[in-house]
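Convention: sequence-line order gives letters A, B, ...; per-chain numbering from 1.
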2 protein chains.
Amino acid sequence: MLYLAAMSKKDLKHFLLKGQDTFLKHLSVDCVIFGFHDDQLKVLLVKWVEGWSIPGGFVRKDESINEAAKRVLKERTGLDRIFLKQFEAFGETGREKGKKGFDIPGTWKSWYMERFVTIGYWALVEFSKVTPRRDWLSEDCRWWDINEVPKLIFDHNRIVTAALEALRHNLIDHPVGYNLLPEKFTMPELQSLYETILGIKLDRRNFQKKMLAMDVLVRTNERRMGVSHKPPYYYRFDKKKYERAMKNGLMRSF
Amino acid sequence: MLYLAAMSKKDLKHFLLKGQDTFLKHLSVDCVIFGFHDDQLKVLLVKWVEGWSIPGGFVRKDESINEAAKRVLKERTGLDRIFLKQFEAFGETGREKGKKGFDIPGTWKSWYMERFVTIGYWALVEFSKVTPRRDWLSEDCRWWDINEVPKLIFDHNRIVTAALEALRHNLIDHPVGYNLLPEKFTMPELQSLYETILGIKLDRRNFQKKMLAMDVLVRTNERRMGVSHKPPYYYRFDKKKYERAMKNGLMRSF
DNA sequence: CCAAAAGTGTTGCCTTTACACCCATGT
DNA sequence: ACATGGGTGTAAAGGCAACACTTTTGG
């Protein structure tokens, strides 16, 4: 919700009073950023004085909403070219319950204090490549296990839930993993990712068959050694085939 | 895009100059309203001086975006309680190419002339229950065959395409028809609806089995008479079961 | 040699598809 | 009677789930 990254304190007042010259009023973007680590699905959250929230920002007058979302992601994760998908706009009237202003004279009727409709995005990022970035205004920025997300400000808990829902639905007919896993990964790792997102256990052997049938994976000759059992092969995604599958989906019955 | 229904000419200037006191700036809702008639999928379009568009409107400061969309639908179709679903927000910077102001002094820098992000909805309505309503500003309002939609203003052609896509996708795991067909309908009619939306032919017998397996239909004792062949039964939706199926979806593999 | 877990294959069920046969109506 | 299109059934095919067996490592 807040576009306040990399802003100096003296700029804040200007932002509150003049922000509507730069940004579209009443409109924000919020990103539910998913990562995968230690067999756990994670979301990146930011802490403000008011509490934890999902990272978000405002839409500049000269950028599209998608560009705004990309910018927010870049600011928070340092990552470019990540997988990003719009999933829902949230526009209830009372959605920002508890919103607080800043203790700066003349700013209590700032554009920032007005009602906002936010456009929700979910993003998939490679956990290890991200260094969560707080800024001077936010107190903290870190990963949270999806099952341990705290009470968030406004309607952000609902947004996270809806994003997870959207991600799961996407998973049904689109391959997932390109953006969540390192370049090389083993089949058990990929399976763990799927199980974590879907929240169910899958059969090891059938999973492998289904994945290979999707025709988006390439098996390398390398294997993960150092484990006291038969070493698994490393796989990587075939970018071309992966993207084709992402586009077309894997349409089912009818 | 335009919330100008039922507005008198002298109100127009006030709307252009003071509309931002009532509505959220930069934000609109647009509805792709689908109907079904003569074995054809139809969309409701509105004609302005600038050309044809999908019906839309602005968001009042005291209403949610969903309420705004419902209001627009009510204004255009007279219908309440219709099936309405948000599917995508459109926020490219140049999306309103060709937007024209009104020939009223002092209104050329109206809030209305600024950039808008629009939230797209699709709706299903029962064709026969709708009386398309034009107002004094719009020149016309009528149904168009989905395959014969003319060049629309702004990016509305893209919005229609995306809406159809969303409707088709929805069709895959949700029953459709409750809002598109009259209360009683025959199986061939329902099939025709599905074929029209999906744009493919389906096997008559397998379609019937699949539909009945969904467990949302009830067969009545009545049959459509007056045709020179075996008369088909009338069916109706079981509201409770239908809504359960809509909610849960008919989740598939994994 | 054993435990652990990965790779590969097979079986059977269940869903989907393709198609045949009969039925009821208007002309 | 016949043309037309609806209602019902059934057999083949294909996809998916359940499960067995083999393989390869570290200890």
> Is the ring centre of B:Phe185 less than 6.0 Å from the ring centre of B:Phe237?
Replying inline: yes
>> Please confirm whether the ring centroid of B:Phe207 lies under 6.0 Å from the ring centroid of B:Tyr194.
In response: yes
[N] [atom2] sits how many Å from [X] [atom1], rounded?
X: A:Phe207; N: C:dA6; atom1: CZ; atom2: P; value: 12 Å
X: B:Tyr235; N: D:dG7; atom1: OH; atom2: C1'; value: 8 Å
X: B:Lys210; N: D:dT8; atom1: NZ; atom2: P; value: 19 Å
X: B:Met187; N: D:dT8; atom1: CE; atom2: C1'; value: 12 Å
X: B:Asp203; N: C:dA20; atom1: CG; atom2: C1'; value: 12 Å
X: A:Met214; N: D:dC16; atom1: CE; atom2: C1'; value: 14 Å
X: B:Arg204; N: D:dG7; atom1: CZ; atom2: P; value: 8 Å
X: A:Leu217; N: C:dG7; atom1: CG; atom2: P; value: 12 Å

So does [X] pair up with [Y], basic N to acidic O under 4.0 Å?
X: B:Glu243; Y: B:Lys239; answer: yes
X: A:Lys47; Y: A:Asp140; answer: no
X: B:Lys240; Y: B:Asp238; answer: no

>> Determine whether a donor-acceptor pair (one donor, one acceptor, N or O, separation below 3.5 Å) exists between the side chain of A:Arg219 and the base of C:dG7.
In response: no
>> For C:dA6 and A:Gln208 - does any side-chain N or O of the residue sit under 4.0 Å from the phosphate oxygens OP1/OP2?
In response: no
Restricting to nitrogen or oxygen on both sides, can you table the protein-nucleotides 25-27 of chain C pairs closer than 3.5 Å?
{"from": "C:dT25", "atom 1": "O2", "to": "B:Ser228", "atom 2": "O", "distance (Å)": "3.1"}
{"from": "C:dT25", "atom 1": "O2", "to": "B:His229", "atom 2": "N", "distance (Å)": "3.0"}

>> With ring pair (Phe, Tyr, Trp, His ring centres under 6.0 Å) as the rule and sequence neighbours excluded, what pairs involving residues 215-234 of chain B come up?
In response: none
>> B:Glu165: which residues meet the side-chain contact (heavy atoms from CB on, under 4.5 Å) condition with it, sequence neighbours left out?
In response: none
> Sequence neighbours excluded, which residues qualify as side-chain contact (heavy atoms from CB on, under 4.5 Å) partners of A:Phe87?
Replying inline: A:Phe90, A:Trp122, A:Ile159, A:Ala162, A:Ala163, A:Ala166
> Where do A:Trp143 and A:Phe127 land on the side chain to side chain contact (heavy atoms under 4.5 Å, CB included) test, with the steps shown first?
Replying inline: CA-CA 9 Å; A:Trp143 291 104; A:Phe127 186 87; 3.3 Å; yes
Please produce a list of atom pairs where a protein N or O lies less than 3.5 Å from an N or O of nucleotides 9-14 of chain C.
{"from": "C:dT10", "atom 1": "O4", "to": "A:Lys209", "atom 2": "NZ", "distance (Å)": "3.0"}

> Any side-chain heavy atom of B:Asp215 within less than 4.5 Å of one from B:Arg244?
Replying inline: yes
> Run the side chain to side chain contact (heavy atoms under 4.5 Å, CB included) check on A:Ile197 and A:Arg168 step by step: do they pass?
Replying inline: CA-CA 7 Å; A:Ile197 294 177; A:Arg168 281 182 177 156; 4.0 Å; yes
> So what does the secondary structure string of DNA chain C come out as, 5' to 3', with Watson-Crick or wobble pairs under 3.5 angstrom, [ ] for crossing and | for pairs with another strand?
Replying inline: |||||||||||||||||||||||||||
